[in-house]
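In what follows, residues are counted from 1 in the order of the sequence shown. Whatever order the structure lists ligands and atoms in, that order sets their numbers, starting from 1. Bear in mind that the values here come from a model prediction, so they are computed numbers and not experimental data.
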Amino acid sequence: MDDLMWNRGPIGGPFTLTNSNGQRRSSSEFRGKLMVIYFGYTSCPDVCPTDLMAIAQAIDALGADGGAVQPIFITIDPGRDTPEQLTRYAAAFHPRLIALTGSDDEIRSVATAFKVYYTVARDPRDGEVRVDHSGVIYLMGREGEYLGFMPPQTDPARLTEILRKQLGK
Ligand code: NI
């Protein structure tokens, strides 16, 4: 199976959400760049950090060309991921990683457009919040169009290779 699942669309579409400083940010701002988009939540124990680390490493491995790639993290747990947490979390992975949040409805609508599955629910048995989510790495093109996705835990070197190819380098 190819690492990059091409054009199983329609996936994605324009979005406007709020960054951790409270500013509204739109996907259209990143025209001309590739966007790497990841949906997750800051207290995710393993998959999210692994994938965000891989994204950061892949972008750094591109050197100066990495500037043409915009990494974006969208929380699927906006009720618990505070702006402060999102700021700290994003900075821990990459200085250019933008963390976005929004109202429950906004997040639901962007996630639906990207065919992201998630649930955030309090377990009545122990009162703990349980989060379940799909964790694929989306790659969007210079016009914001969907290019494909990489599965969770894609190797950073493979991710670098895919990004380099898409950048035409
Ligand atoms: Ni996760």
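Every residue two or more places apart in sequence or in another chain was checked for a side chain to side chain donor-acceptor pair (under 3.5 Å) with Thr50, and none qualifies. For Arg24, the side chain to side chain donor-acceptor pair (under 3.5 Å) criterion is met by Thr18, Glu106, not counting sequence neighbours.
Between Arg122 and Asp126 there is no salt bridge, since no side-chain nitrogen of the basic residue lies less than 4.0 Å from a carboxylate oxygen of the acidic one.
Distances from the Ni ion (ligand 1) under 2.8 Å pick out these protein N/O/S atoms: Cys44 SG, Cys48 SG, His133 NE2.
Relative to the six-membered ring of Tyr118, Arg108 meets both conditions, a distance below 6.0 Å and an angle of at most 45° to the axis.
Note: Phe73 and Tyr89 meet the aromatic proximity criterion, with ring centroids under 6.0 Å apart.
Among residue pairs with one or both ends in residues 150-169, none qualify as ring pair (Phe, Tyr, Trp, His ring centres under 6.0 Å); sequence neighbours excluded.
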